[in-house]
Amino acid sequence: MIRTLALLAFAAMPISAPAQSADILLNCSSCHAVGPDRPVAGAAFPDLNGQPIRYLERQLEAFQVGDRRHRQMELTATALGDGTGAMARLYSGAPLPDLTRRMDGATPALVTDGDWDRGLPPCASCHSLSPDDDRARTAPRLHGQPEGYLAAQLEAYADGNRTSDPMGRMRAFAARLDAGEIAELSRYYAAWQISEADDD
Ligand code: HEC
Ligand code: HEC
């Protein structure tokens, strides 16, 4: 199954990749494993499996036009050209990993309650673990993403370096978080990791 999906990832790439370096850039599955069993612990790259299709497509377009800055992904998205929809469909259709929380302690109040005095709705009112959830149609799953990645994205929104968010909402929310809150929220979401068979 996973091998088939990985092959699909490969087949979905344009054959006319101009140079060998583009082949590397376009080998998505070397960094974003396709399928639910990828190792989460220590993974450095965001997991794309089961993310909302429109979200994925918009991110690739954001790298193309500079609404998101990351040199290598900008080159990748540019090399991908109008293949963004096919890649978004592939990853969005791949099964979600089965994630369990691997950290003791209370869920941060910002996740469940928000802080309305500061104009912060609960993160959980938009970010959900279940792809069947209505919320999950537009907002990406944060659970199981690398801690450093999450923190860097929140900082990029707060600094205005990432402007892919519709109506600037995530920029506004992130700018209201302090450094300690960004660290706590990133740690919380990253602590969701692939369930071990013996947990059941
Ligand atoms: C060499 C590793 C590498 C390869 C190959 C690669 N990516 Fe990425 N990708 C990354 C990194 C690192 C990021 C995080 C960028 C950032 O910090 O903004 C990323 C981010 C993304 C995102 C945004 C994820 C999110 O949660 O918002 C999408 C979508 C994406 N990549 C799709 C692709 C596709 C499609 C391909 C193949 C055409 C690809 N990537 C190839 C490393 C890679
Ligand atoms: C009103 C809905 C809403 C709320 C509330 C919300 N978000 Fe978001 N968030 C979004 C949407 C939509 C996106 C995708 C924006 C884009 O395309 O760049 C997003 C993107 C993100 C990303 C980038 C994910 C990635 O894969 O790159 C992070 C990190 C994030 N949100 C964290 C949070 C945290 C932490 C909170 C709570 C403090 C929060 N969000 C509250 C809607 C929301």
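Numbering of ligands and ligand atoms starts at 1, following listing order. Because the structure is a prediction, the values reported are computed rather than measured.
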Subject >> Distance (rounded to the nearest 0.5 Å) between Arg69 CZ and Asn161 CG >> reply: 8.5 Å

**OP:** Before signing off on this row, confirm whether Arg69 and ligand 1 have an N or O atom pair separated by under 3.5 Å.
**Re:** no

**OP:** Quick one: list whatever passes side chain to side chain donor-acceptor pair (under 3.5 Å) with Arg187, sequence neighbours left out.
**Re:** none

Original post:
Does ligand 1 have any atom sitting under 4.0 Å from a heavy atom of Gln153?
Top reply: yes

Original post:
At a non-hydrogen distance cut-off of under 4.0 Å, which region of Gln51 contacts ligand 1 (side chain, backbone, both, or neither)?
Top reply: neither

Subject >> Option with minimal heavy-atom separation from atom 24 (C) of ligand 1, where the choices are Leu48, Leu56, Thr84 >> reply: Leu48

Subject >> For Met87, atoms of ligand 1 separated by under 4.0 Å from a heavy atom >> reply: 35 (C)

**OP:** Have a look at ligand 1 and work out which part of Pro46, if any, has a heavy atom under 4.0 Å from it: side chain, backbone, both or neither.
**Re:** side chain

Original post:
Would you say Cys31 has an N, O or S atom lying under 2.8 Å from atom 8 (Fe) of ligand 1?
Top reply: no

Original post:
Is there a heavy atom of Leu154 sitting under 4.0 angstrom from any atom of ligand 2?
Top reply: yes

Subject >> Arg162, any N or O under 3.5 Å of ligand 1 N or O >> reply: no

Subject >> Test item: side-chain donor near acceptor, Thr163 and Asp67, under 3.5 Å >> reply: yes

Subject >> Residues Glu74 and Thr78: side-chain donor-acceptor under 3.5 angstrom >> reply: no

Subject >> Arg141 N/O to ligand 2 N/O under 3.5 Å >> reply: no

**OP:** Work out whether the distance between some heavy atom of Pro122 and some atom of ligand 2 is less than 4.0 Å.
**Re:** yes

Original post:
Around atom 8 (Fe) of ligand 2, what protein N, O or S atoms are found below 2.8 Å?
Top reply: His127 NE2, Met170 SD

Subject >> Arg176 atom CZ, over 12 foreign heavy atoms within 6.0 Å >> reply: yes

Original post:
Does Asn27, backbone or side chain, put an N or O under 3.5 Å from an N or O of ligand 1?
Top reply: no

Original post:
Out of curiosity, does Met87 fall in the hydrophobic cluster containing Ile53 (side-chain heavy atoms, cut-off under 4.5 Å, transitive links)?
Top reply: no

Original post:
Is any NZ, NE, NH1 or NH2 atom of the basic residue among Arg54 and Glu61 found under 4.0 Å from an Asp or Glu carboxylate oxygen of the other?
Top reply: no

Subject >> Under 3.5 Å side-chain donor-acceptor pair for Arg171 and Tyr157 >> reply: no

**OP:** Find all atoms of ligand 2 within a distance of less than 4.0 Å from any non-hydrogen atom belonging to Ser164, and give their numbers and elements.
**Re:** 16 (C), 17 (O), 18 (O)

Original post:
When rounded to the nearest 0.5 angstrom, what distance separates CG in Leu150 from CG in Leu154?
Top reply: 7.0 Å

Subject >> Enumerated ligand 1 atoms positioned under 4.0 Å from heavy atoms of Cys28 >> reply: 34 (C), 35 (C), 36 (C), 37 (C), 38 (C), 39 (C), 41 (C)

**OP:** Give a yes/no on ligand 1: does Ile24 have at least one heavy atom closer than 4.0 angstrom to it?
**Re:** yes

Original post:
Is there a nitrogen or oxygen of Tyr55 sitting under 3.5 Å from a nitrogen or oxygen of ligand 2?
Top reply: yes

Original post:
Is Asp47 paired with Arg141 through a side-chain N to carboxylate O contact shorter than 4.0 Å?
Top reply: yes

Original post:
So is Gln145 polar-close to ligand 1, meaning N/O to N/O under 3.5 Å?
Top reply: no

Original post:
Out of curiosity, Glu181 CD to Ser186 OG, how far, rounded to the nearest 0.5 Å?
Top reply: 11.0 Å

Original post:
Which atoms of ligand 2 sit under 4.0 Å from any heavy atom of Ser125?
Top reply: 5 (C)

**OP:** Please say whether Ser30 places an N or O atom under 3.5 Å from an N or O atom belonging to ligand 1.
**Re:** no

**OP:** State yes or no: do Met103 and Leu142 share one hydrophobic cluster built from I, L, V, M, F, W and Y residues joined by side-chain heavy-atom distances below 4.5 Å, directly or via other members?
**Re:** yes

Original post:
For atom 27 (O) of ligand 2, which of Tyr149, Tyr157, Tyr188 has the closest heavy atom?
Top reply: Tyr149

Original post:
Which heavy atom of Glu57 sits nearest a heavy atom of Ala88, and at what distance?
Top reply: N-CB, 3.7 Å

Subject >> Atoms in ligand 2 flagged as close to Pro121, the criterion being non-hydrogen separation under 4.0 Å >> reply: 5 (C)

Original post:
How many angstroms lie between CG in Leu90 and CG in Asn49, if you round to the nearest 0.5 Å?
Top reply: 8.5 Å

**OP:** For Thr76, counting its heavy atoms only, list the atoms of ligand 1 lying under 4.0 Å from any of them.
**Re:** 36 (C), 37 (C), 38 (C), 39 (C), 41 (C)

**OP:** Report, in ascending order of atom number, the atoms of ligand 1 lying under 4.0 Å from any heavy atom of Arg68.
**Re:** 16 (C), 18 (O), 23 (C), 25 (C), 27 (O)

Subject >> Close side-chain approach of Thr84 and Gln64, heavy atoms under 4.5 Å >> reply: yes

**OP:** Using atom types as modelled and distance alone, determine if a side-chain donor or acceptor of Arg162 lies under 3.5 Å from a backbone N or O of Gln153.
**Re:** no

Original post:
Do you see an N/O/S atom of Met73, backbone or side chain, under 2.8 Å from atom 8 (Fe) of ligand 1?
Top reply: yes

Subject >> Distance (rounded to the nearest 0.5 Å) between His143 NE2 and Ser130 OG >> reply: 10.5 Å

**OP:** Could you grab the distance from atom CZ of Arg71 to atom CZ of Phe63, nearest 0.5 Å is fine?
**Re:** 13.5 Å

**OP:** Below 4.0 angstrom from a heavy atom of Gln59, which ligand 2 atoms are there? Numbered from 1 as shown, please.
**Re:** 16 (C), 17 (O), 18 (O)

**OP:** Please identify which atoms of ligand 2 are closer than 4.0 Å to at least one heavy atom of Arg58.
**Re:** 17 (O)

Original post:
Are His32 and Tyr91 side-chain neighbours, meaning at least one heavy-atom pair lies under 4.5 Å?
Top reply: yes

